[in-house]
Structure formats: C-alpha cells, structure tokens
Amino acid sequence: MDNKKKRPVILDGDPGHDDAIAWVLASTIDDFDIKAITTVAGNQTLEKVTYNARRIAALLHLDIEVAKGRNRPLCADLIIAPNFHGETGLDGPKLPEPHLPLSNLSAIEMMAKVLQESEEKVTIISTGAQTNVAALLLAHPELKEKIEMISTMGGGLRNGNWTSGAEFNILVDPEAAYTVYHSGVPLQMCGLDVTEQALVYPEEFERIRALHNPIAETVAGWFDFFFIHVKSLGWAGATTHDPCAVMSLVHPEIFDIRDYYVDIELSGRYCRGATIADYHGRLGKEPNCRCVVGLDRQKFVDYLVEACSKYEGWEV
Ligand code: RIB
Ligand code: CA
C-alpha cells in the first residue's frame, strides 16, 4: 500500500514509558503513515522528553525529525512525573543516541506544515498534556478541517490518578484540554476508565521478552521499570495508558466506546482538571467526544505482543 492511501498520523507525547510503547505499536501499523513526532513537557521536562523521543525514533528507524513543543502549559505551572518515569523520563533499557538532528521547526509549526501539505485528513495521537494540540488549534483554526481526529490518552470520567479528580495529562494543562474539547474537532478520549483496565501483568512482560528481538526486549524493560512505581501503588499489572490511544484507532472492535458531552473543570478547588461527562443529558449539548470506557484486555495484550513480534531480526 503506498503512502498516499495510508492514514497520515502525528504522534505528540511526553515519552514516558507508555508513550514509547504506544509509538512502538504505532510504527508497526501498516495503515499508518507517521508524518511527524512532536514533544510536550509532562512526564519530564521538554528537554528530556525530546531527547527520549529522538532516541525512540532512532531505535525504531523512523526517519522523522522530532519537533520540540512547548516547554510549559498554556497557563499552569509545569508538573512532572519522575516517580513513574525516572530522572531521564525513560529510565531502564539502554537506547541508541539520536540518529537525526532536532527539527528546526517547533511542534506547532511542524503540525501545521503536515496539515497544510497533506491531501488526506490527518489523525493526531496525543499521549501527553494537550498543550501543543491546543496551541495548534488556537494558532491555526483554519486547519481544523484537515484533522481527521484527535485520539487522546487523558482524563477519567470516574476518577483521577494525580489528584482524586484529575488524570495527569489533563491536570498538567487543563486550559489546553478545555481548548481541545471545545474545538469541535472529532475527539476520542482514552481515559483512565479504559487505561486502568488495560493492565499488562508481569508474566505478560515475559511473553514480550521471550520474543527475543531488540525491540521486544526494550519494551519488556520499559514495562519492568514503569511497573516498579505502579506496583507500589497496589496495581497487579502495569496500567498501560498511552497504547490505548493508538490501539483504539486500529482495533475499535475490542473496545467499548460511548459518545458523551465531556467538559473540563478549570476552577474546582479540589477538582481542577477533572473530565466531566454529561451522562444524564442535563446540559442539553450534543456529544463532543468518543469516550473509550472498556476493552477486551486479553486481546489488547495479544495485539501488543503481536506488534513486538514484528521486529524479529531488528538491528538497533
Ligand atoms: O495518566 C497517564 C498519562 O500521564 C500517560 O500519558 C503517561 O505517559 C503520563 O503522561
Ligand atoms: Ca504520556
């Protein structure tokens, strides 16, 4: 299948172990034509997640220059998550050094360029704070029509994971999320509702490691590190957040997806960053979001293992 028939995709994230696994998955999808990789501060500082993104691109032989995004949220002060992802933001397996220079375009300039130049509508897969996506929509409202969908990992209709009410990606930049959720662009939300069901258990890390190719061993090592803190919180498996935002695009049949009107709490003293679904239709507004709220966990894991198996014989 040639590129012009493929689905143009932009990967925007804050790698981050689960972002990295999501990008491994994305790079195995024949239907995807990855047009850009852009970074946003969140799991670690912008410098660190950008260096990680460039190393992931080298590991996966992606001939795509990484474009650096905003180093802080639209309004809020930056929060980072070294407890989950370590001082580098991607602690654990050794990775190659970047094989390409950093793009001289900013993330927003790169995103806009891809949208302007693409004949097909473009899918943006956002697995970090939505700062870059919001900045793109604010700077280039005329390009909204070139966006097929924004598939996000973020939010939680029933709970948070950084505060009781807010999930990390949304809480890092609630104003950005508000801009995205009010943009009118087709939106898919993989919140904690599904990602805290998308558990990968240690014995399944071994299924991946047993594939004995460099990418599978790296992914297993990322799960090893990520699970250290997650296990200390009481989880029996790794909450595999970001890959849901990729897999729900290519295997929607294994997910439970509901259409709701969702809004972002900006001013709650205890609930700033909460994603609130109008389950009961009290607001009288049309749904603005396809909310992914459940999955077939076993099939999710099987597809992850299958993706890692495609790197048989890979040279790092
Ligand atoms: O809450 C989970 C999200 O926050 C994931 O995207 C993880 O990578 C962190 O960014
Ligand atoms: Ca992330």
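Whatever order the structure lists them in is the order used to number ligands and atoms, beginning at 1.
For Lys68 (side chain) and Thr38 (main-chain N/O), no donor-acceptor pair under 3.5 Å exists by modelled atom type. Judged purely by atom type and a 3.5 angstrom limit, Asp173 uses its side chain to pair as donor or acceptor with the backbone of Leu74. In this structure, Gln197 contributes its side chain and Val293 its backbone to a donor-acceptor pair below 3.5 Å.
Ordered by chain and number, Asp14 OD1, Asp19 OD1, Asp19 OD2, Thr127 O, Asp242 OD2 make up the set of protein N, O or S atoms under 3.0 Å of the Ca ion (ligand 2).
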Output, or 'none' if empty, a list of ligand 1-protein atom pairs in which both atoms are N or O and the distance is under 3.5 Å, rounded to 0.1 Å.
from	atom 1	to	atom 2	distance (Å)
ligand 1	1 (O)	Asn161	ND2	2.9
ligand 1	1 (O)	Glu167	OE2	2.6
ligand 1	4 (O)	Asn169	OD1	3.2
ligand 1	6 (O)	Thr127	O	2.9
ligand 1	6 (O)	Asn169	ND2	2.9
ligand 1	6 (O)	Asp242	OD1	2.6
ligand 1	6 (O)	Asp242	OD2	3.1
ligand 1	8 (O)	Asp18	OD1	2.6
ligand 1	8 (O)	Asp18	OD2	3.2
ligand 1	8 (O)	Asp19	OD1	3.0
ligand 1	8 (O)	Asn43	ND2	3.0
ligand 1	8 (O)	Asp242	OD2	3.1
ligand 1	10 (O)	Asp14	OD1	3.4
ligand 1	10 (O)	Asp14	OD2	3.0
ligand 1	10 (O)	Asn43	OD1	3.2
ligand 1	10 (O)	Asn43	ND2	3.3
ligand 1	10 (O)	Asn169	OD1	2.9

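Under the 4.5 Å side-chain heavy-atom criterion for ILVMFWY residues, no single connected hydrophobic cluster contains both Leu157 and Val194.
Ring-plane geometry between Phe223 and Phe205 is classed as parallel, the angle between the planes falling under 30 degrees on a 0 to 90 degree scale with a further cut at 60. Aromatic ring pairs are classed by plane angle as parallel below 30°, tilted from 30° to 60° and perpendicular above 60°; the pair Trp314 and Tyr311 is perpendicular.
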Would you tabulate the side-chain donor-acceptor contacts of residues 75-85 under 3.5 Å, counting partners in other chains and residues two or more places apart, or write 'none'?
from	atom 1	to	atom 2	distance (Å)
His85	ND1	His17	N	3.1
His85	ND1	His17	ND1	3.1
His85	NE2	Asn43	OD1	3.1

Throw together a table of side-chain donor-acceptor distances under 3.5 angstrom for residues 132-139, partners on residues two or more places apart or in other chains.
from	atom 1	to	atom 2	distance (Å)
Asn132	OD1	Arg70	N	3.0
Asn132	ND2	Asp12	OD1	2.8
Asn132	ND2	Thr39	O	2.9

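Taking the six-membered ring for Trp and the full ring otherwise, Phe255 and His251 have centroids separated by 6.0 Å or more.
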